[in-house]
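The structure under discussion appears below in the form of C-alpha coordinates.
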Protein chains: 2
Amino acid sequence: MSRPRTTVTLTADLVILTIRSGDLCVLTVERGNEPFVGRPALPGGFLRGSESLDETAARELAEETGLDAGSLHLQQVGTYSAPDRDPRTPRVVTCAYLAIAPNLPSPRAGSDARAAGWLPVADAQRTVLAFDHNQILTDAVELARDDLQFRAIAPAFCQREFTIADLREVYEVVWGVELDKPNFHRKVTDSPDFLVPTGRKRSTGNGRPAALYRSGPATALVPPMMRPADAAF
Amino acid sequence: MSRPRTTVTLTADLVILTIRSGDLCVLTVERGNEPFVGRPALPGGFLRGSESLDETAARELAEETGLDAGSLHLQQVGTYSAPDRDPRTPRVVTCAYLAIAPNLPSPRAGSDARAAGWLPVADAQRTVLAFDHNQILTDAVELARDDLQFRAIAPAFCQREFTIADLREVYEVVWGVELDKPNFHRKVTDSPDFLVPTGRKRSTGNGRPAALYRSGPATALVPPMMRPADAAF
DNA sequence: CTAATAGTGTCTATGAGACACTATGAA
DNA sequence: TTCATAGTGTCTCATAGACACTATTAG
(Lines give C-alpha, C1' and ligand atoms only; values in the text may rest on other atoms or scores of the structure.)
Protein backbone atom coordinates (compact mmCIF):
# COMPACT_ATOMS: atom_id res chain seq x y z
CA MET A 1 0.00 0.00 0.00
CA SER A 2 1.43 3.32 -0.99
CA ARG A 3 -0.29 5.09 1.88
CA PRO A 4 -0.22 2.87 4.94
CA ARG A 5 -2.15 3.36 8.15
CA THR A 6 -0.80 6.42 9.86
CA THR A 7 0.15 6.20 13.51
CA VAL A 8 -0.41 9.33 15.52
CA THR A 9 -0.28 10.62 19.06
CA LEU A 10 -3.36 12.27 20.52
CA THR A 11 -3.77 15.29 22.70
CA ALA A 12 -6.78 16.71 24.50
CA ASP A 13 -6.82 20.50 24.37
CA LEU A 14 -9.06 22.47 26.68
CA VAL A 15 -11.03 25.62 26.11
CA ILE A 16 -11.78 26.56 29.70
CA LEU A 17 -14.23 29.44 29.80
CA THR A 18 -15.23 31.53 32.75
CA ILE A 19 -16.57 34.99 33.44
CA ARG A 20 -14.29 37.48 35.18
CA SER A 21 -15.38 41.05 35.87
CA GLY A 22 -17.87 41.16 33.05
CA ASP A 23 -15.73 39.49 30.40
CA LEU A 24 -15.86 36.03 28.92
CA CYS A 25 -12.36 34.72 29.53
CA VAL A 26 -10.38 31.70 28.43
CA LEU A 27 -7.48 30.07 30.20
CA THR A 28 -4.26 30.23 28.21
CA VAL A 29 -0.78 29.02 29.03
CA GLU A 30 2.57 29.98 27.64
CA ARG A 31 4.21 27.10 25.88
CA GLY A 32 7.39 25.91 27.57
CA ASN A 33 8.58 23.55 24.83
CA GLU A 34 8.98 23.34 21.11
CA PRO A 35 7.11 23.79 18.93
CA PHE A 36 5.76 27.31 19.46
CA VAL A 37 7.88 27.95 22.60
CA GLY A 38 6.76 31.08 24.40
CA ARG A 39 3.56 31.43 22.43
CA PRO A 40 0.19 31.46 24.16
CA ALA A 41 -1.76 28.25 23.73
CA LEU A 42 -4.71 26.38 25.08
CA PRO A 43 -3.83 24.02 27.91
CA GLY A 44 -3.75 20.38 26.99
CA GLY A 45 -1.70 17.26 27.05
CA PHE A 46 -1.06 13.89 25.56
CA LEU A 47 -3.17 10.79 25.86
CA ARG A 48 -1.14 8.53 28.11
CA GLY A 49 -1.22 4.89 29.02
CA SER A 50 -4.65 3.35 28.59
CA GLU A 51 -6.66 6.49 29.24
CA SER A 52 -9.58 7.60 27.13
CA LEU A 53 -9.52 11.13 25.77
CA ASP A 54 -12.21 12.11 28.25
CA GLU A 55 -9.89 11.03 31.02
CA THR A 56 -7.01 12.94 29.49
CA ALA A 57 -9.16 16.05 29.35
CA ALA A 58 -10.34 15.61 32.93
CA ARG A 59 -6.80 15.08 34.15
CA GLU A 60 -5.51 18.18 32.36
CA LEU A 61 -8.40 20.21 33.67
CA ALA A 62 -7.61 19.17 37.23
CA GLU A 63 -3.93 19.95 36.72
CA GLU A 64 -4.62 23.40 35.27
CA THR A 65 -7.41 24.59 37.50
CA GLY A 66 -7.28 22.35 40.54
CA LEU A 67 -10.93 21.59 39.94
CA ASP A 68 -12.48 18.17 39.90
CA ALA A 69 -13.68 17.50 36.38
CA GLY A 70 -16.58 15.48 37.72
CA SER A 71 -18.20 18.64 38.99
CA LEU A 72 -17.56 20.72 35.88
CA HIS A 73 -19.18 20.91 32.52
CA LEU A 74 -16.87 19.19 30.02
CA GLN A 75 -17.79 18.25 26.47
CA GLN A 76 -16.10 17.49 23.17
CA VAL A 77 -15.92 20.24 20.60
CA GLY A 78 -14.28 18.36 17.76
CA THR A 79 -11.18 16.66 16.53
CA TYR A 80 -8.54 18.54 14.56
CA SER A 81 -6.36 16.46 12.30
CA ALA A 82 -4.90 18.62 9.54
CA PRO A 83 -1.56 17.01 8.74
CA ASP A 84 0.37 20.26 9.17
CA ARG A 85 -1.29 21.45 12.36
CA ASP A 86 1.69 20.28 14.43
CA PRO A 87 5.18 19.79 12.98
CA ARG A 88 6.09 16.91 15.28
CA THR A 89 6.37 13.30 14.30
CA PRO A 90 4.56 11.10 14.79
CA ARG A 91 1.65 13.32 13.79
CA VAL A 92 -0.31 14.92 16.60
CA VAL A 93 -4.10 14.96 16.33
CA THR A 94 -6.06 16.78 18.99
CA CYS A 95 -9.50 16.40 20.43
CA ALA A 96 -10.74 19.76 21.71
CA TYR A 97 -12.91 20.00 24.81
CA LEU A 98 -15.03 22.83 26.12
CA ALA A 99 -14.98 23.27 29.88
CA ILE A 100 -17.07 25.82 31.72
CA ALA A 101 -15.91 26.94 35.13
CA PRO A 102 -17.17 29.28 37.81
CA ASN A 103 -14.98 32.26 38.55
CA LEU A 104 -11.87 30.69 40.07
CA PRO A 105 -9.68 32.34 42.68
CA SER A 106 -6.77 32.56 40.24
CA PRO A 107 -5.10 30.31 37.71
CA ARG A 108 -2.63 27.90 39.21
CA ALA A 109 0.46 29.20 37.54
CA GLY A 110 3.36 26.91 37.79
CA SER A 111 2.02 23.42 38.30
CA ASP A 112 4.29 22.70 35.40
CA ALA A 113 6.16 25.99 35.43
CA ARG A 114 4.25 27.62 32.58
CA ALA A 115 2.69 31.01 33.01
CA ALA A 116 -1.08 30.68 32.90
CA GLY A 117 -3.73 33.32 32.85
CA TRP A 118 -7.25 34.29 32.02
CA LEU A 119 -7.52 36.20 28.78
CA PRO A 120 -10.71 37.84 27.53
CA VAL A 121 -11.88 35.79 24.59
CA ALA A 122 -11.98 38.85 22.34
CA ASP A 123 -8.30 39.49 23.07
CA ALA A 124 -7.35 35.86 22.62
CA GLN A 125 -9.02 35.85 19.23
CA ARG A 126 -6.86 38.79 18.18
CA THR A 127 -3.73 37.00 19.39
CA VAL A 128 -1.86 34.44 17.34
CA LEU A 129 -2.10 31.26 19.38
CA ALA A 130 -0.02 28.14 18.92
CA PHE A 131 -1.07 25.41 16.48
CA ASP A 132 -4.67 25.75 15.25
CA HIS A 133 -5.80 26.98 18.63
CA ASN A 134 -7.43 30.11 17.22
CA GLN A 135 -9.75 27.91 15.23
CA ILE A 136 -10.42 25.65 18.20
CA LEU A 137 -11.16 28.61 20.44
CA THR A 138 -13.59 30.09 17.92
CA ASP A 139 -15.38 26.78 17.48
CA ALA A 140 -15.63 26.21 21.23
CA VAL A 141 -16.99 29.67 21.93
CA GLU A 142 -19.55 29.31 19.18
CA LEU A 143 -20.58 25.97 20.66
CA ALA A 144 -20.98 27.53 24.09
CA ARG A 145 -23.09 30.35 22.64
CA ASP A 146 -25.36 27.89 20.87
CA ASP A 147 -25.66 25.57 23.83
CA LEU A 148 -26.73 28.40 26.11
CA GLN A 149 -29.89 28.65 24.06
CA PHE A 150 -31.01 25.09 24.42
CA ARG A 151 -29.12 23.39 27.22
CA ALA A 152 -29.00 24.07 30.92
CA ILE A 153 -25.29 24.86 30.95
CA ALA A 154 -25.39 28.44 32.19
CA PRO A 155 -25.19 27.44 35.88
CA ALA A 156 -21.79 25.90 35.12
CA PHE A 157 -20.45 29.46 34.95
CA CYS A 158 -21.78 30.18 38.45
CA GLN A 159 -20.97 29.06 41.97
CA ARG A 160 -23.02 26.17 43.29
CA GLU A 161 -25.60 28.61 44.64
CA PHE A 162 -26.40 31.60 42.50
CA THR A 163 -28.98 34.30 41.97
CA ILE A 164 -31.06 34.95 38.89
CA ALA A 165 -28.93 38.05 38.32
CA ASP A 166 -25.78 35.88 38.28
CA LEU A 167 -27.39 33.68 35.69
CA ARG A 168 -28.51 36.63 33.62
CA GLU A 169 -24.99 38.01 33.60
CA VAL A 170 -23.81 34.73 32.05
CA TYR A 171 -26.13 35.17 29.12
CA GLU A 172 -25.38 38.85 28.74
CA VAL A 173 -21.62 38.39 28.78
CA VAL A 174 -21.49 35.34 26.54
CA TRP A 175 -23.94 36.75 24.03
CA GLY A 176 -22.91 40.37 24.30
CA VAL A 177 -26.48 41.59 24.81
CA GLU A 178 -28.66 43.09 27.49
CA LEU A 179 -31.66 41.08 28.53
CA ASP A 180 -34.83 42.30 30.15
CA LYS A 181 -34.60 41.47 33.86
CA PRO A 182 -38.26 40.76 34.58
CA ASN A 183 -38.74 38.59 31.51
CA PHE A 184 -35.52 36.70 32.12
CA HIS A 185 -36.57 35.98 35.67
CA ARG A 186 -39.85 34.52 34.56
CA LYS A 187 -38.33 32.44 31.78
CA VAL A 188 -35.73 30.69 33.88
CA THR A 189 -37.95 30.17 36.89
CA ASP A 190 -40.69 28.74 34.67
CA SER A 191 -38.36 26.34 32.83
CA PRO A 192 -39.13 22.99 34.44
CA ASP A 193 -36.35 21.42 36.52
CA PHE A 194 -33.86 24.06 35.48
CA LEU A 195 -33.50 25.82 38.83
CA VAL A 196 -34.06 24.57 42.36
CA PRO A 197 -34.77 27.22 44.99
CA THR A 198 -32.67 26.82 48.10
CA GLY A 199 -34.77 29.09 50.28
CA ARG A 200 -31.70 31.14 51.10
CA LYS A 201 -31.09 34.72 50.03
CA ARG A 202 -28.00 36.75 49.29
CA SER A 203 -27.70 40.46 49.85
CA THR A 204 -25.18 42.54 47.92
CA GLY A 205 -25.57 45.37 50.41
CA ASN A 206 -27.68 47.30 47.97
CA GLY A 207 -31.31 46.65 47.40
CA ARG A 208 -33.56 43.71 48.09
CA PRO A 209 -31.71 40.42 48.64
CA ALA A 210 -32.00 37.90 45.82
CA ALA A 211 -33.18 34.34 46.24
CA LEU A 212 -30.49 31.70 45.77
CA TYR A 213 -30.92 28.75 43.43
CA ARG A 214 -29.06 25.62 42.57
CA SER A 215 -28.87 23.88 39.21
CA GLY A 216 -31.74 21.45 38.70
CA PRO A 217 -31.81 18.08 36.96
CA ALA A 218 -32.91 19.39 33.56
CA THR A 219 -30.40 19.22 30.72
CA ALA A 220 -32.59 20.93 28.14
CA LEU A 221 -34.15 24.36 28.40
CA VAL A 222 -37.80 24.27 27.45
CA PRO A 223 -38.78 26.50 25.91
CA PRO A 224 -35.34 27.54 24.65
CA MET A 225 -33.81 30.84 25.66
CA MET A 226 -33.90 32.53 22.29
CA ARG A 227 -30.90 34.65 21.43
CA PRO A 228 -32.02 38.17 20.48
CA ALA A 229 -31.73 38.96 16.80
CA ASP A 230 -29.47 41.91 17.65
CA ALA A 231 -27.01 39.79 19.61
CA ALA A 232 -23.41 40.75 19.04
CA PHE A 233 -22.49 37.19 18.08
CA MET B 1 7.29 8.36 32.98
CA SER B 2 5.23 5.39 33.98
CA ARG B 3 2.53 6.17 31.45
CA PRO B 4 4.16 7.41 28.26
CA ARG B 5 2.45 9.05 25.30
CA THR B 6 0.24 6.49 23.67
CA THR B 7 0.50 6.00 19.93
CA VAL B 8 -2.70 5.06 18.19
CA THR B 9 -4.15 4.54 14.76
CA LEU B 10 -7.22 6.49 13.75
CA THR B 11 -10.29 5.50 11.82
CA ALA B 12 -13.17 7.52 10.46
CA ASP B 13 -16.47 5.68 10.84
CA LEU B 14 -19.52 6.78 8.92
CA VAL B 15 -23.15 6.90 9.92
CA ILE B 16 -24.72 7.33 6.50
CA LEU B 17 -28.41 8.05 6.86
CA THR B 18 -31.05 8.06 4.18
CA ILE B 19 -34.77 7.58 3.88
CA ARG B 20 -36.04 4.50 2.08
CA SER B 21 -39.73 3.73 1.76
CA GLY B 22 -40.72 5.64 4.83
CA ASP B 23 -37.93 4.44 7.12
CA LEU B 24 -34.84 6.16 8.36
CA CYS B 25 -32.07 3.80 7.27
CA VAL B 26 -28.37 3.50 7.96
CA LEU B 27 -25.75 1.89 5.75
CA THR B 28 -24.11 -1.11 7.39
CA VAL B 29 -21.47 -3.47 6.11
CA GLU B 30 -20.52 -6.94 7.18
CA ARG B 31 -17.02 -7.05 8.56
CA GLY B 32 -14.65 -9.11 6.46
CA ASN B 33 -11.72 -9.15 8.87
CA GLU B 34 -10.93 -9.63 12.51
CA PRO B 35 -11.97 -8.38 14.90
CA PHE B 36 -15.75 -8.92 14.76
CA VAL B 37 -15.62 -10.86 11.46
CA GLY B 38 -19.07 -11.31 10.00
CA ARG B 39 -20.70 -8.84 12.35
CA PRO B 40 -22.56 -5.83 10.99
CA ALA B 41 -20.67 -2.59 11.42
CA LEU B 42 -20.63 0.99 10.27
CA PRO B 43 -18.48 1.58 7.22
CA GLY B 44 -15.18 3.24 7.88
CA GLY B 45 -11.47 3.00 7.41
CA PHE B 46 -8.08 4.02 8.60
CA LEU B 47 -6.46 7.40 8.33
CA ARG B 48 -3.75 6.91 5.71
CA GLY B 49 -0.73 8.83 4.58
CA SER B 50 -1.01 12.52 5.31
CA GLU B 51 -4.77 12.84 5.02
CA SER B 52 -6.93 14.61 7.55
CA LEU B 53 -9.81 12.73 9.14
CA ASP B 54 -12.24 14.74 7.05
CA GLU B 55 -10.48 13.45 3.96
CA THR B 56 -10.58 9.90 5.29
CA ALA B 57 -14.30 10.21 5.87
CA ALA B 58 -14.89 11.68 2.42
CA ARG B 59 -12.85 8.94 0.79
CA GLU B 60 -14.71 6.19 2.61
CA LEU B 61 -18.02 7.78 1.77
CA ALA B 62 -17.13 7.84 -1.91
CA GLU B 63 -15.98 4.22 -1.76
CA GLU B 64 -19.14 3.03 -0.03
CA THR B 65 -21.77 5.01 -1.85
CA GLY B 66 -20.09 6.19 -5.01
CA LEU B 67 -21.13 9.71 -4.08
CA ASP B 68 -18.92 12.73 -4.07
CA ALA B 69 -18.53 13.87 -0.50
CA GLY B 70 -18.32 17.47 -1.64
CA SER B 71 -21.98 17.40 -2.53
CA LEU B 72 -23.14 15.61 0.61
CA HIS B 73 -23.73 16.70 4.14
CA LEU B 74 -20.83 15.39 6.25
CA GLN B 75 -20.07 16.44 9.82
CA GLN B 76 -18.23 15.13 12.84
CA VAL B 77 -20.24 13.45 15.56
CA GLY B 78 -17.52 12.78 18.08
CA THR B 79 -14.39 10.84 18.85
CA TYR B 80 -14.52 7.51 20.63
CA SER B 81 -11.42 6.50 22.48
CA ALA B 82 -12.27 3.99 25.21
CA PRO B 83 -9.17 1.83 25.52
CA ASP B 84 -11.09 -1.42 25.12
CA ARG B 85 -13.27 -0.35 22.20
CA ASP B 86 -11.06 -2.23 19.74
CA PRO B 87 -8.79 -5.13 20.75
CA ARG B 88 -6.09 -4.35 18.20
CA THR B 89 -2.71 -2.86 18.92
CA PRO B 90 -1.74 -0.16 18.48
CA ARG B 91 -4.97 1.20 19.93
CA VAL B 92 -7.63 2.29 17.46
CA VAL B 93 -9.45 5.53 18.15
CA THR B 94 -12.29 6.50 15.84
CA CYS B 95 -13.78 9.76 14.77
CA ALA B 96 -17.43 9.27 13.86
CA TYR B 97 -19.04 11.23 11.04
CA LEU B 98 -22.66 11.76 10.17
CA ALA B 99 -23.45 11.73 6.45
CA ILE B 100 -26.87 12.40 5.02
CA ALA B 101 -27.66 11.06 1.60
CA PRO B 102 -30.59 11.17 -0.79
CA ASN B 103 -32.21 7.85 -1.55
CA LEU B 104 -29.54 6.03 -3.50
CA PRO B 105 -30.22 3.47 -6.23
CA SER B 106 -28.71 0.69 -4.10
CA PRO B 107 -25.66 0.21 -1.96
CA ARG B 108 -22.54 -0.65 -3.88
CA ALA B 109 -22.00 -4.07 -2.43
CA GLY B 110 -18.62 -5.45 -3.13
CA SER B 111 -16.33 -2.52 -3.74
CA ASP B 112 -14.27 -4.32 -1.17
CA ALA B 113 -16.21 -7.57 -1.22
CA ARG B 114 -18.21 -6.92 1.92
CA ALA B 115 -21.96 -7.20 1.91
CA ALA B 116 -23.47 -3.77 2.40
CA GLY B 117 -27.05 -2.77 2.93
CA TRP B 118 -29.52 -0.25 4.21
CA LEU B 119 -30.94 -1.18 7.58
CA PRO B 120 -33.77 0.69 9.28
CA VAL B 121 -32.22 2.55 12.18
CA ALA B 122 -34.67 0.99 14.64
CA ASP B 123 -33.53 -2.47 13.54
CA ALA B 124 -29.86 -1.53 13.64
CA GLN B 125 -30.28 -0.30 17.19
CA ARG B 126 -31.68 -3.69 18.19
CA THR B 127 -28.74 -5.44 16.52
CA VAL B 128 -25.39 -5.94 18.18
CA LEU B 129 -22.97 -4.06 15.97
CA ALA B 130 -19.21 -4.34 15.98
CA PHE B 131 -17.08 -2.23 18.33
CA ASP B 132 -18.96 0.64 19.98
CA HIS B 133 -20.96 1.24 16.83
CA ASN B 134 -24.31 1.02 18.61
CA GLN B 135 -23.31 3.99 20.71
CA ILE B 136 -21.99 5.87 17.70
CA LEU B 137 -25.18 5.20 15.75
CA THR B 138 -27.35 6.41 18.60
CA ASP B 139 -25.30 9.58 19.03
CA ALA B 140 -25.34 10.32 15.31
CA VAL B 141 -29.09 9.85 14.98
CA GLU B 142 -29.70 12.07 17.97
CA LEU B 143 -27.46 14.70 16.39
CA ALA B 144 -29.38 14.50 13.13
CA ARG B 145 -32.70 14.86 14.99
CA ASP B 146 -31.46 17.92 16.84
CA ASP B 147 -29.90 19.50 13.77
CA LEU B 148 -33.15 19.19 11.81
CA GLN B 149 -34.65 21.69 14.21
CA PHE B 150 -32.13 24.43 13.74
CA ARG B 151 -30.06 23.80 10.64
CA ALA B 152 -31.00 23.57 7.01
CA ILE B 153 -29.91 19.96 6.61
CA ALA B 154 -33.21 18.37 5.65
CA PRO B 155 -32.66 18.92 1.89
CA ALA B 156 -29.59 16.66 2.17
CA PHE B 157 -32.03 13.75 2.42
CA CYS B 158 -33.68 14.77 -0.86
CA GLN B 159 -32.71 14.84 -4.50
CA ARG B 160 -31.34 18.11 -5.78
CA GLU B 161 -34.86 19.25 -6.66
CA PHE B 162 -37.61 18.36 -4.24
CA THR B 163 -41.14 19.24 -3.24
CA ILE B 164 -42.35 20.54 0.08
CA ALA B 165 -43.96 17.14 0.61
CA ASP B 166 -40.56 15.46 0.16
CA LEU B 167 -39.13 17.77 2.75
CA ARG B 168 -41.99 17.18 5.13
CA GLU B 169 -41.49 13.44 4.85
CA VAL B 170 -37.90 13.91 6.03
CA TYR B 171 -39.08 15.53 9.23
CA GLU B 172 -41.87 13.07 9.77
CA VAL B 173 -39.67 10.03 9.29
CA VAL B 174 -36.69 11.26 11.29
CA TRP B 175 -38.81 12.53 14.15
CA GLY B 176 -41.52 9.91 13.99
CA VAL B 177 -44.34 12.44 13.96
CA GLU B 178 -46.99 13.78 11.66
CA LEU B 179 -46.80 17.45 10.83
CA ASP B 180 -49.57 19.72 9.66
CA LYS B 181 -49.17 20.15 5.91
CA PRO B 182 -50.36 23.73 5.56
CA ASN B 183 -48.35 25.02 8.50
CA PHE B 184 -45.23 23.16 7.40
CA HIS B 185 -45.53 24.64 3.95
CA ARG B 186 -45.68 28.15 5.30
CA LYS B 187 -42.84 27.66 7.76
CA VAL B 188 -40.31 26.39 5.27
CA THR B 189 -41.25 28.77 2.49
CA ASP B 190 -41.09 31.71 4.91
CA SER B 191 -37.67 30.74 6.30
CA PRO B 192 -35.31 33.14 4.54
CA ASP B 193 -32.83 31.62 2.07
CA PHE B 194 -33.83 28.10 3.02
CA LEU B 195 -35.58 27.14 -0.22
CA VAL B 196 -35.14 28.45 -3.74
CA PRO B 197 -38.10 27.95 -6.10
CA THR B 198 -37.09 26.50 -9.44
CA GLY B 199 -40.32 27.38 -11.21
CA ARG B 200 -40.73 23.75 -12.23
CA LYS B 201 -43.41 21.40 -10.99
CA ARG B 202 -43.64 17.69 -10.45
CA SER B 203 -46.79 15.64 -10.80
CA THR B 204 -47.18 12.32 -9.04
CA GLY B 205 -50.11 11.42 -11.26
CA ASN B 206 -52.55 12.17 -8.47
CA GLY B 207 -53.63 15.64 -7.56
CA ARG B 208 -52.23 19.06 -8.15
CA PRO B 209 -48.55 19.06 -9.14
CA ALA B 210 -46.17 20.36 -6.48
CA ALA B 211 -43.66 23.15 -7.01
CA LEU B 212 -40.03 22.07 -7.03
CA TYR B 213 -37.40 23.74 -4.88
CA ARG B 214 -33.68 23.60 -4.43
CA SER B 215 -31.70 24.07 -1.25
CA GLY B 216 -30.91 27.72 -0.60
CA PRO B 217 -27.81 29.33 0.90
CA ALA B 218 -29.09 29.44 4.49
CA THR B 219 -27.44 27.15 7.02
CA ALA B 220 -29.68 28.08 9.93
CA LEU B 221 -33.45 27.77 10.08
CA VAL B 222 -35.00 30.94 11.43
CA PRO B 223 -37.24 30.60 13.22
CA PRO B 224 -36.35 27.02 14.16
CA MET B 225 -38.61 24.12 13.21
CA MET B 226 -39.73 23.16 16.67
CA ARG B 227 -40.06 19.46 17.34
CA PRO B 228 -43.55 18.65 18.63
CA ALA B 229 -43.71 17.80 22.30
CA ASP B 230 -45.25 14.45 21.42
CA ALA B 231 -42.44 13.46 19.05
CA ALA B 232 -41.49 9.81 19.28
CA PHE B 233 -37.85 10.71 19.90
C1' DC C 1 -68.09 15.85 -12.54
C1' DT C 2 -64.90 13.22 -8.54
C1' DA C 3 -60.62 12.06 -6.35
C1' DA C 4 -56.43 13.44 -4.79
C1' DT C 5 -52.83 16.31 -3.53
C1' DA C 6 -50.96 21.41 -3.27
C1' DG C 7 -51.35 25.44 -1.23
C1' DT C 8 -53.95 29.83 1.30
C1' DG C 9 -56.81 32.18 4.88
C1' DT C 10 -57.93 32.77 9.31
C1' DC C 11 -58.78 32.06 14.05
C1' DT C 12 -56.87 30.85 18.65
C1' DA C 13 -53.54 29.90 22.11
C1' DT C 14 -49.01 30.52 23.71
C1' DG C 15 -44.77 32.63 24.39
C1' DA C 16 -41.57 36.89 23.83
C1' DG C 17 -40.73 41.53 24.82
C1' DA C 18 -41.78 46.22 26.73
C1' DC C 19 -42.39 48.38 30.70
C1' DA C 20 -45.25 50.04 34.80
C1' DC C 21 -45.52 48.59 39.14
C1' DT C 22 -44.77 46.39 43.82
C1' DA C 23 -41.42 44.22 47.42
C1' DT C 24 -37.60 44.21 50.49
C1' DG C 25 -33.42 45.16 52.07
C1' DA C 26 -29.45 49.04 53.69
C1' DA C 27 -28.19 53.65 55.05
C1' DT D 1 -37.45 58.53 54.57
C1' DT D 2 -34.41 57.44 49.96
C1' DC D 3 -31.86 54.37 47.05
C1' DA D 4 -31.04 50.30 44.85
C1' DT D 5 -32.01 45.89 43.38
C1' DA D 6 -35.55 41.79 43.26
C1' DG D 7 -39.48 40.31 41.53
C1' DT D 8 -44.80 40.64 39.58
C1' DG D 9 -48.64 42.24 36.51
C1' DT D 10 -50.15 43.21 32.31
C1' DC D 11 -50.34 44.69 27.68
C1' DT D 12 -48.89 44.01 22.78
C1' DC D 13 -47.02 41.58 19.12
C1' DA D 14 -45.20 37.51 16.79
C1' DT D 15 -45.37 32.78 16.01
C1' DA D 16 -47.36 27.86 16.37
C1' DG D 17 -51.10 24.98 15.58
C1' DA D 18 -55.87 23.70 14.14
C1' DC D 19 -58.47 23.42 10.44
C1' DA D 20 -61.79 25.37 6.80
C1' DC D 21 -61.16 26.55 2.41
C1' DT D 22 -59.44 27.26 -2.47
C1' DA D 23 -56.35 25.62 -6.56
C1' DT D 24 -54.81 22.45 -9.98
C1' DT D 25 -53.99 18.28 -11.87
C1' DA D 26 -55.78 13.13 -13.68
C1' DG D 27 -59.36 10.47 -15.13
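Just so it is clear: chains get the letters A, B, ... in the order the sequence lines come, proteins before strands, and each one is counted from 1.
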- Message: For B/Val93, is there any backbone N or O sitting under 3.5 Å from a side-chain donor or acceptor partner on B/Ser81?
- Response: no

- Message: For DNA chain D, which residues of residues 197-215 of chain B approach it to below 4.0 angstrom with any heavy atom?
- Response: B/Gly205, B/Gly207, B/Arg208, B/Pro209

- Query: Would a distance-only check, ignoring hydrogens and angles, find a side-chain to backbone donor-acceptor pair under 3.5 Å from A/Trp175 to A/Arg145?
  - Reply: yes

- Task: Whole angstrom is fine here: how far is it from CZ in B/Arg227 over to P in D/dA16?
- Result: 16 Å

- Can you tell me the distance, in whole Å, between the CE atom of A/Met226 and the P atom of C/dG15? 14 Å

- Selection: residues 152-185 of chain B, any non-hydrogen atom under 4.0 Å of DNA chain D: B/Asp180, B/Pro182, B/Asn183

- Look at the side chain of B/Ser191 and the backbone N and O of B/Lys187, then say whether any donor-acceptor pair between them is shorter than 3.5 Å. no

- Does OP1 or OP2 of C/dG15 have a side-chain N or O of A/Lys187 closer than 4.0 Å? no

- Under the side chain to side chain donor-acceptor pair (under 3.5 Å) test, residues paired with A/Glu178 that sit two or more places apart: none

- Nearest-0.5 Å distance, CZ of residue A/Phe150 to CE of residue A/Met225: 11.5 Å

- Item | Where A/Ile136 and A/Ala96 come nearest, the two heavy atoms and their spacing | CG2-CB, 3.5 Å

- Query: For A/Tyr80 and A/Asp13, does a side-chain donor sit closer than 3.5 Å to a side-chain acceptor?
  - Reply: no

- Query: Has the side chain of B/Asp23 got a donor or acceptor atom that lies under 3.5 Å from a matching backbone atom of B/Cys25?
  - Reply: no

- Message: Is it the case that C/dT14 (base atoms only) and A/Arg186 (side chain only) share a donor and an acceptor within less than 3.5 Å, ignoring hydrogens and angles?
- Response: no

